[in-house]
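To keep things clear, I will list the structure first and then write my remarks on it.
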There are 2 protein chains.
Amino acid sequence: MKRSSRLSVALHVLLHMAEQPDKALTSDVLAGWAATNPVVIRRTFAGLRDAGIVGSTKGHGGGWTLLKPLDAVSLADIQAALDDPVLALGKAEESPGCLVEQAVNAALDDAVAEARRLLDQRLSKITLADLAARIGPRRVVLQAAGCKDPHHES
Amino acid sequence: MKRSSRLSVALHVLLHMAEQPDKALTSDVLAGWAATNPVVIRRTFAGLRDAGIVGSTKGHGGGWTLLKPLDAVSLADIQAALDDPVLALGKAEESPGCLVEQAVNAALDDAVAEARRLLDQRLSKITLADLAARIGPRRVVLQAAGCKDPHHES
DNA sequence: TTTTCATGTAATTATATATGTTACGTGACG
DNA sequence: CGTCACGTAACATATATAATTACATGAAAA
């Protein structure tokens, strides 16, 4: 496994969900789209549920549903809901005693914080609807081309 | 994943080196400041040497020396010399066949690239001299307080 | 010239973090 | 009350990075 890919996975799955609005979809189905495990989906989506972006129901016919219109959810909303460590610069020590290292950490923290603000600002201006629009024109192709459940492929 | 801390380590060590200009310092000494292994220093500093920021000499009395004035080296220079993966957002797949995921990756790549540009721009405006100045006023305290060689502490 | 010291680097091991998987509990629907 | 699907803890696997070991190379000193 590489870097955290939760945001990428979440977006991918949410957009697929949007193609079947108001239909409860199981973790198994969502996991198929993302080529991952149902438990990973449940973990990832737990944050989205807490943020009110999706809802989940148990039992027969249960599953996940989108609760908000696509244009009401920005990528920043999702990012925040996932509590995903977006971008970071490693430090040698978190709480160093050395004054030199404290100064280094402070300078780097400042710079990273600013970059992070810019990224957040950028993500807050992109909604799920925007992404869907980019794909929309080829919706038909999309359905044919892809992202079927690789788990259960034979 | 474990985050790279090469930039942090390099800056810390370079600033300590600046306190003893023109003196060749061994990897062992530098490693002591950074509380790490001499080999890690040699690996990390290899990039800085290639970039002409520091020089190294072998044999008796050998070691590392700063080749440029502090105000001629920006943090961006160091970052670039280290070939350190600064900030990134994980993707589920690097080259997905799914059009939805392609759109998602493209959108995220754009946003991250912009944040990275801002960070680089920010780092290019901070020089080693700037960092040294922040610490300068308490140079004496610094010497007393710390970063002695923890490797050989008794 | 031989010894000693310090870098250069490959190979191996250790550690941290994220994902993948298994197992089992809980609630809802039939 | 049995089945289905989420909720979650526990454990396994994967990968990225640092730490360590080992040895070669080159330079200065004895």
Side-chain angles (χ1 to χ4, degrees), chain A residues 1-10 12-13 17 23-50 54-65 67 82-94 150-151, chain B residues 1-10 12-13 17 23-50 54-65 67 82-94 149-152:
Chain A
M1 279 90 257
K2 302 176 182 177
R3 305 178 228 287
S4 171
S5 58
R6 287 200 280 247
L7 179 57
S8 168
V9 166
H12 182 182
V13 171
M17 287 177 72
K23 182 175 174 186
L25 298 161
T26 69
S27 304
D28 240 311
V29 171
L30 308 198
W33 287 330
T36 185
N37 193 287
V39 178
V40 173
I41 296 293
R42 289 188 204 123
R43 269 199 306 239
T44 302
F45 272 51
L48 299 178
R49 172 169 29 79
D50 295 343
V54 300
S56 64
T57 56
K58 292 181 171 183
H60 275 279
W64 301 89
T65 46
L67 295 182
L82 292 176
D83 190 34
D84 197 16
V86 197
L87 44 99
L89 250 171
K91 298 178 203 170
E93 286 181 88
E94 205 57 42
H151 259 59
Chain B
M1 178 191 31
K2 206 173 174 180
R3 287 187 304 232
S4 169
S5 58
R6 272 180 271 183
L7 179 57
S8 167
V9 167
H12 182 183
V13 170
M17 287 176 72
K23 181 175 175 185
L25 297 161
T26 68
S27 305
D28 240 310
V29 171
L30 308 197
W33 288 330
T36 185
N37 193 289
V39 178
V40 173
I41 296 293
R42 292 201 272 265
R43 269 198 307 241
T44 303
F45 272 51
L48 299 179
R49 187 190 52 230
D50 295 344
V54 300
S56 65
T57 56
K58 292 182 171 183
H60 273 278
W64 300 88
T65 46
L67 294 183
L82 292 176
D83 190 35
D84 197 16
V86 198
L87 43 98
L89 246 170
K91 298 178 202 170
E93 287 181 86
E94 204 58 42
D149 190 334
H151 259 59
H152 306 136

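All chains are named by letter (A, B, ...) in the order of the sequence lines, taking the proteins before the strands, and each is independently numbered beginning at 1.
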Side-chain N,O ([X]) to OP1/OP2 ([N]) below 4.0 Å:
{"X": "Arg42(B)", "N": "dG8(C)", "result": "no"}
{"X": "Thr36(B)", "N": "dA19(D)", "result": "yes"}
{"X": "Thr26(A)", "N": "dC6(D)", "result": "no"}
{"X": "Arg49(B)", "N": "dG8(C)", "result": "yes"}
{"X": "Ser5(B)", "N": "dA18(D)", "result": "yes"}
{"X": "Ser27(B)", "N": "dT7(C)", "result": "yes"}

Contact class for Leu30(B) (heavy atom, under 4.0 Å): base, sugar-phosphate, or nothing?
nothing
Taking [atom1] from [X] and [atom2] from [N], how many angstroms apart are they, rounded to a whole number?
{"X": "Asp83(A)", "N": "dA18(C)", "atom1": "CG", "atom2": "P", "value": "10 Å"}
{"X": "Asp28(A)", "N": "dC4(D)", "atom1": "CG", "atom2": "C1'", "value": "11 Å"}
{"X": "Leu7(B)", "N": "dT17(D)", "atom1": "CG", "atom2": "P", "value": "14 Å"}
{"X": "Phe45(B)", "N": "dA18(D)", "atom1": "CZ", "atom2": "P", "value": "14 Å"}
{"X": "Ile41(B)", "N": "dA19(D)", "atom1": "CD1", "atom2": "P", "value": "9 Å"}
{"X": "Lys58(A)", "N": "dT26(C)", "atom1": "NZ", "atom2": "C1'", "value": "4 Å"}
{"X": "Asn37(A)", "N": "dA18(C)", "atom1": "CG", "atom2": "C1'", "value": "14 Å"}
{"X": "His60(B)", "N": "dT7(C)", "atom1": "NE2", "atom2": "P", "value": "12 Å"}

To the side chain of Trp64(B), which of dA18(D), dG7(D), dG8(C) is closest?
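The closest nucleotide is dG8(C).
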Per Ser56(A) side chain, nearest of listed nucleotides dT20(D), dG20(C), dC6(D):
dC6(D)
Show the numbers, then the answer: is there a side-chain contact (heavy atoms from CB on, under 4.5 Å) between His12(A) and Val9(A)?
CA-CA 5 Å; His12(A) 182 182; Val9(A) 166; 5.7 Å; no
How far apart are the C-alpha atoms of Val54(A) and Thr65(A), what are their side-chain angles, what is the distance that settles it, and do they pass the side-chain contact (heavy atoms from CB on, under 4.5 Å) test?
CA-CA 6 Å; Val54(A) 300; Thr65(A) 46; over 6 Å; no
Donor-acceptor check, side chain of Ser5(B) to backbone of Ser8(B), threshold 3.5 angstrom: yes or no?
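No, the answer is negative, given that no donor and acceptor are paired below the 3.5 Å cut-off.
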With a 3.5 Å cut-off and heavy atoms only, can you find an N or O donor on one side and an acceptor on the other between the side chain of Arg43(A) and the base of dA9(D)?
no
Does the side-chain contact (heavy atoms from CB on, under 4.5 Å) test come out yes or no for Ser27(B) and Trp64(B), once each step is laid out?
CA-CA 7 Å; Ser27(B) 305; Trp64(B) 300 88; 3.0 Å; yes
For Lys23(B), give me all partners under side-chain contact (heavy atoms from CB on, under 4.5 Å), at least two apart in sequence or on another chain.
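Result, side-chain contact (heavy atoms from CB on, under 4.5 Å) vs Lys23(B): Gln20(B), Leu25(B).
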Residue met sooner reading DNA chain D from 5', once Gly62(A) and Ala46(A) are mapped to nucleotides:
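First, find each residue's nearest nucleotide; the 5'-ward one identifies Gly62(A).
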